[in-house]
Amino acid sequence: MENLEKRILPQSQRRFLPPDENRLGFGDISSDHMFVMDYYDGRWQRPRIEPFAPLAISPAAMGLHYGQLMFEGLKCYRRQDGQLALFRPRDNFKRMSRSAEMLCIPQFDQELALSALKELLLVDQNWVPTSAGTSLYIRPFVVATEPHLGVRPAREYMFLIITGPVGAYYAEGFAPIKIYVEPEASRVAPGGLGEVKAASNYAASLHAAEEASKKGYSQLLWLDPSEHKYVEEVGSMNMFFIIDDEVITSPLAGTILPGVTRDSVLTLARTWGKVSERALSIDEITQAADNGRLQEAFGSGTAAVISPVGTLNYKGKDYKVGDGGIGSLTQRLYDEIVGIQYGSRPDPYGWITLVN
Ligand code: COI
């Protein structure tokens, strides 16, 4: 990429120590370098790769006060032959552009962002772990940096990409999780920011999720914010349910994130059987569970990939999903998606972008 400034650490100053890949959690370790680009004087400027370090921004930076802050999540996979692969990266930058639109953040060049990401990955390629189920998590984000305390869209921003090696998102690994169905609180509002990756959506989820966690549920499933009747998403994942062999997920009606993994699941599952994007009420799910027709439930997301759900709790009652273990379609989707990502299975949809 032309005009990309690079300030790369000499090998002797790099922090890299091969992490114990069996113990990699999620999101605690940062690689040596990051990508940074500034917006001022009406345009994005000075794209650069520099050592990972704390940012110098004003305490009056508008993003810290009024939440003009958006992010993405994707992963880089190391394959058997040493190649580094990205999964549908253009979809992430496209969604980021939509987030920018909704948050009044200036548009950026999506191809430039992808080229910069590839350069960053080449600089820090020894940080991409090798064990099965591990990857390098990539976190692009934009924050408003203009120092100003009036409420309006900022005129200055920073676009960053940081990365770090990760294992499974949930402590359980690829194993059934327990989900609490939130009966009252709302994460987003109709006509609001639910369909984009605004940091504020995650802040809005914390209080209820903490309460669910105290009750022993590792994730919280949101119902629609108007009637609290239809299932929506988990916050870190989109949700799928299988009832009477029909694979059902919520439609993209403005309050849930259009997940890249969600779209991949839909694409694969449609070639295997009946799939519906339709409103699905929690009552339909609990009734199906009561009479043995709720066969499987799982979440999909970049961080979590495919995550089986073993138990749902709604209004004080636990409902077992299937036999409480990993369902056969859940397993098949996991194997197929992970196989495409790591290159052990063919990529008929052209989802993979190679880095090196
Ligand atoms: C992802 O799946 O990459 C996400 O962004 C979800 C979560 C870690 C916030």
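All heavy atoms count here, side chains included; hydrogens, waters and symmetry mates do not. Read the numbers this way: they start at 1 and go in the same order the structure lists the ligands and their atoms.
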Going through the checks in order, is the salt bridge (charged side-chain N to carboxylate O under 4.0 Å, His left out) test met by E119 and K6?
CA-CA 10 Å; E119 299 260 2; K6 283 190 194 161; 2.9 Å; yes
Using the side chain to side chain donor-acceptor pair (under 3.5 Å) rule, take Q45 and D38 through it: C-alpha gap first, then chi angles, then the decisive distance, then the call.
CA-CA 5 Å; Q45 333 208 12; D38 303 315; over 6 Å; no
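The ring pair (Phe, Tyr, Trp, His ring centres under 6.0 Å) test with Y334 singles out one residue from F298, F174, F240, and that residue is F174.
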Pairwise, report which nitrogen or oxygen atoms of ligand 1 are under 3.5 angstrom from protein nitrogen or oxygen atoms, and how far apart they are.
| residue | atom | partner | partner atom | Å |
| --- | --- | --- | --- | --- |
| ligand 1 | 2 (O) | T302 | N | 3.3 |
| ligand 1 | 2 (O) | A303 | N | 2.8 |
| ligand 1 | 3 (O) | Y137 | OH | 2.5 |
| ligand 1 | 5 (O) | Y137 | OH | 3.4 |
| ligand 1 | 5 (O) | K197 | NZ | 2.9 |

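Electrostatic pairing of R95 and E195 does not count as a salt bridge here, judged by no charged N lying under 4.0 Å from a carboxylate O.
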Expected list for residues 203-213: side-chain donor-acceptor pairs under 3.5 angstrom, two or more places apart:
| residue | atom | partner | partner atom | Å |
| --- | --- | --- | --- | --- |
| S205 | OG | Y202 | O | 2.7 |
| E211 | OE2 | K214 | NZ | 3.1 |

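Side chains of I282 and T286 form a contact here, defined as non-hydrogen atoms less than 4.5 Å apart.
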